[in-house]
Amino acid sequence: MLSSFLGGKSKETVSVKLTARNGVTFSGQITKDSTVAELCQALDPALRLPERQFFGLKPMAATNAEHVPWLEDDTVLRKALGAPATVMDSKDGSQSLKEWHLLLALKFYPTKAIAKHWSPQGARLLMFELLNDLKLGCLEVAHDTAVALGAFAAQVIHGDYQHAQHQDLMYLRNVKVTPYQDASLSERIRDRHSQMHGMVTSADALASFLQLCQEQELYGVGQLIKAKSDALPQTLHIGASARGIHVYDHDRRIIIHPWPALKRIFHRGKHFELTLKSPGRASDPVNFVMSTAAECKRCWLKAVQCHSFYRYRTANANSTGPTMLEAARTARQASQELLSVETERLRRRSTFGRYVEAVCLMRSCKRQEPDVLHSWLASSGSKPTLQEALASADAGSPASYAAAVAQYDAKSDAEGLTFAHGDIIRVTDHSDFDYWWGAIGTRVGRFPSRCVTLLGPDLSKVVKATRDYDGALTFAKGAILTLEDAPSDLPPGLVLAKSGSRVALIPDTCVQPFA
């Protein structure tokens with residue numbers, strides 16, 4: 001329970017009930033004229049949520065919570081929420097209490113680099129937020145992906161599958177991964193959940209659920225808004241995420257305008273304008289026309305909030321006040337975490353990674369800024385040969401490998417890496433979402449991440465399918481799989497294999513060591 005310590009001119013107190021997506025509630029007393037910032041400061045001891053700067057507050061009684069604006073930190077609760085509702089006191093049914101009911105929801109989605117460092121409580125809240133997005137259709141996934149997500153969520157919520165308790169599909173009533181989930185999809189989720197019995201812990205299932213969601217195109221984008229553009233005749237859809245402003249033509253992404261590339265975000269009436277940074281010359285704004293002025297303002301407001309949170313860099317270092325919705329403070333914390341993760345990643349990069357970076361820098365300079373390149377090479381030491389770089393990288397931290405699931409021809413990309421289906425690639429940098437860097441032998445280049453699947457650092461566990469197989473796992477001859485650590489009581493003739501995010505038992509005659 002929260003203790004009431006907030007002072008003010010008004011002595012009248014109101015009961016506040018805060019509900020998270022997972023159903024956990026917090027309640028306490030606060031003065032009627034308190035602000036959202038004071039409420040958030042009072043909630044800190046009870047929430048114990050290190051990631052609370054990513055969350056915001058909304059009125060719980062709103063009919064359509066997705067379109068209701070967030071409560072800002074300087075908002076007075078009495079003005080924003082109106083008169084509190086009258087509820088019965090649980091201790092004494094004859095008395096009544098005045099109560100405000102608020103929803104604690106995710107306001108800013110964490111990137112992969114940030115989410116992997118979240119606390120268990122924050123990760124579970126993130127999972128329930130993503131389940132809500134899946135149920136509303138804001139995060140669209142393929143059918144097989146929906147089955148995997150539902151099974152992982154069931155493992156987190158209910159633990160190992162128990163036939164006596166989980167035979168009835170009603171136990172999946174809180175696991176909705178599509179807006180129109182039918183009985184056949186629920187049965188597939190239950191079957192996949194049963195296959196995880198004794199093999200996947202709840203913590204591993206939670207990590208797999210979040211990782212699979214973060215691999216989806218619409219992760220963190222939220223509800224898209226329809227718009228028209230002067231450049232294209234068809235109807236477009238616009239959304240915002242940690243990466244920037246997304247523009248789609250139905251389910252096909254046209255472009256992402258990254259936050260660092262945006263100079264101005266403006267709206268007037270139904271018109272939503274983006275001005276891009278163009279060094280040396282003025283740039284014409286990109287204009288979109290929404291169906292209503294309200295939708296245009298909603299799109300602009302979300303874009304501005306995301307831009308402030310993910311890209312804000314000039315917050316006053318002397319500012320104080322532990323408020324949950326203070327844009328400068330939350331943006332500064334997110335920036336510092338992103339910077340520390342990026343600094344640690346660069347610190348651990350091998351000589352091979354620095355060599356690739358030097359080559360990219362040399363090509364980007366094109367003899368226009370030789371002093372910059374020379375000073376960088378001087379600070380980094382002499383440039384190694386490719387063989388020395390490979391030897392140094394192999395002797396350093398364990399490498400990451402990936403298997404090509406599709407052929408890629410990099411003729412149109414001077415820095416691209418060409419490979420065939422089934423090739424093994426040594427991945428040197430996979431920090432970017434769309435393109436990774438890697439090597440095959442002495443060939444170095446970048447390639448689309450969608451054409452490969454990560455295998456991990458140990459190639460001794462990589463196997464190749466010798467024939468087609470259709471069972472708990474479905475794969476074709478020549479597919480690349482990885483072997484997982486199997487329990488000691490595993491029957492002979494079976495191995496525990498992983499393909500993508502799926503793990504299941506298969507006959508050992510289906511695979512052979514990768515040569």
Side-chain angles (χ1 to χ4, degrees), residues 17-27 49 55 58-68 87 90 101-106 109 120-216 218-220 222-223 472 501-504:
K17 184 177 181 181
L18 187 67
T19 302
R21 292 285 190 191
N22 59 354
V24 178
T25 61
F26 303 90
S27 59
L49 184 63
F55 291 81
K58 286 185 176 183
M60 190 68 179
T63 305
N64 191 346
E66 300 301 322
H67 294 170
V68 174
V87 297
S90 58
H101 196 179
L102 301 176
L103 172 67
L104 176 69
L106 190 68
Y109 286 77
Q121 181 185 358
R124 283 182 64 90
L125 285 177
L126 177 58
M127 185 196 74
F128 280 98
E129 291 286 345
L130 292 171
L131 281 175
N132 184 66
D133 290 345
L134 291 167
K135 181 178 66 174
L136 296 176
C138 298
L139 180 59
E140 297 180 358
V141 296
H143 189 76
D144 290 342
T145 304
V147 174
L149 290 173
F152 287 136
Q155 182 72 21
V156 175
I157 298 173
H158 302 288
D160 278 341
Y161 178 84
Q162 303 294 334
H163 183 73
Q165 303 176 7
H166 302 149
Q167 186 178 8
D168 190 349
L169 294 177
M170 284 298 295
Y171 89 100
L172 295 175
R173 61 185 178 273
N174 294 329
V175 182
K176 301 295 183 182
V177 290
T178 63
Y180 308 103
Q181 182 169 322
D182 55 8
S184 63
L185 178 58
S186 297
E187 289 177 357
R188 289 195 61 187
I189 293 175
R190 181 188 59 187
D191 295 341
R192 183 71 62 85
H193 182 206
S194 65
Q195 295 170 7
M196 296 180 180
H197 181 78
M199 299 182 183
V200 181
T201 64
S202 296
D204 291 339
L206 177 59
S208 299
F209 179 93
L210 298 181
Q211 180 180 358
L212 190 56
C213 284
Q214 289 163 353
E215 293 173 355
Q216 305 306 310
L218 293 177
Y219 167 77
Q223 195 167 23
S501 61
R502 298 173 296 168
V503 179

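The structure displayed is predicted, hence computed values, not measured ones. The first residue in the sequence is number 1, and the count goes up from there.
- Every residue two or more places apart in sequence or in another chain was checked for a ring-ring contact (aromatic ring centres under 6.0 Å, His included) with Phe209, and none qualifies.
- Residues Ala153 and Val175 come closest through the heavy atom pair CB-CG1, 4.0 Å.
- Residues forming a salt bridge (Lys or Arg N to Asp or Glu O under 4.0 Å) with Arg190 (at least two apart in sequence, or on another chain): none.
- Separation of atoms CZ (Phe26) and CG (Leu102) is listed at 13.0 Å; rounding is to 0.5 Å.
- In this structure the side chain of Met127 never reaches within 4.5 angstrom of the side chain of Leu130, judged on heavy atoms.
- Partners of Glu129 according to the side chain to side chain contact (heavy atoms under 4.5 Å, CB included) rule, which considers only residues two or more places apart in sequence or in another chain, are Arg21, Ala105, Leu106.
- Atoms CG and CG, from Leu131 and Leu126 in turn, are 10.0 Å apart once rounded to the nearest 0.5 Å.
- The structure places OG of Ser202 at 10.0 Å from CD1 of Ile157, a figure rounded to the nearest 0.5 Å.
- Annotation: side chain to side chain contact (heavy atoms under 4.5 Å, CB included) contacts of Met196 (sequence neighbours excluded): Ala151, Phe152, Gln155, Arg192, Val200.
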Next on the checklist: Show, in sequence, the C-alpha distance, side-chain angles and deciding distance for Val177 and Lys135, and conclude whether the side chain to side chain contact (heavy atoms under 4.5 Å, CB included) test is met.
Outcome noted: CA-CA 5 Å; Val177 290; Lys135 181 178 66 174; over 6 Å; no
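- Residues Leu172 and Ala154 share a closest heavy-atom pair of CD2-CB, 3.9 Å.
- Counting only distance, with no hydrogens or angles, the side chain of Ser194 and the backbone of Asp191 share a donor-acceptor pair below 3.5 Å.
- Sorted by first and then second residue, the salt bridge (Lys or Arg N to Asp or Glu O under 4.0 Å) pairs with a member in residues 143-157 read Asp144-Arg188; sequence neighbours excluded.
- In terms of the side-chain hydrogen bond (donor to acceptor under 3.5 Å, both in side chains) criterion, residue partners of Thr19 (sequence neighbours excluded) are, by chain and number, His101.
- Atom-to-atom distance recorded for Leu125:CG and Leu104:CG is 6.5 Å, nearest 0.5 angstrom.
- Atom CD of residue Gln223 and atom CG of residue Leu218 lie 11.5 Å apart, to the nearest 0.5 angstrom.
- Annotation: side chain of Cys213 is in contact with side chain of Leu139 (closest heavy-atom distance under 4.5 Å).
- Contact check for Leu18 versus Ser27: no side-chain heavy atoms found under the 4.5 Å cut-off.
- Here the side chain of His158 pairs a donor or acceptor atom with the backbone of Tyr171 at under 3.5 angstrom.
- Remark: Thr178 pairs with Ala146, Gln181, Leu185 by the side chain to side chain contact (heavy atoms under 4.5 Å, CB included) rule, at least two apart or across chains.
- Atom CE of Met199 is separated from atom CG of Asp160 by 10.5 Å, given to the nearest 0.5 angstrom.
- Judged as a side chain to side chain contact (heavy atoms under 4.5 Å, CB included), and not counting sequence neighbours, the contacts of Ala504 are Ala472, Leu473.
- For Ser184, the side-chain hydrogen bond (donor to acceptor under 3.5 Å, both in side chains) partners are Asp182, not counting sequence neighbours.
- Qualifying ring-ring contact (aromatic ring centres under 6.0 Å, His included) partners for Tyr161, counting only residues two or more places apart in sequence or in other chains: His166, His193.
- Partners of Asp204 by salt bridge (Lys or Arg N to Asp or Glu O under 4.0 Å), not counting sequence neighbours: none found.
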Next on the checklist: Does Leu134 form a side chain to side chain contact (heavy atoms under 4.5 Å, CB included) with Lys176? I'd like the steps, not just the answer.
Outcome noted: CA-CA 7 Å; Leu134 291 167; Lys176 301 295 183 182; over 6 Å; no
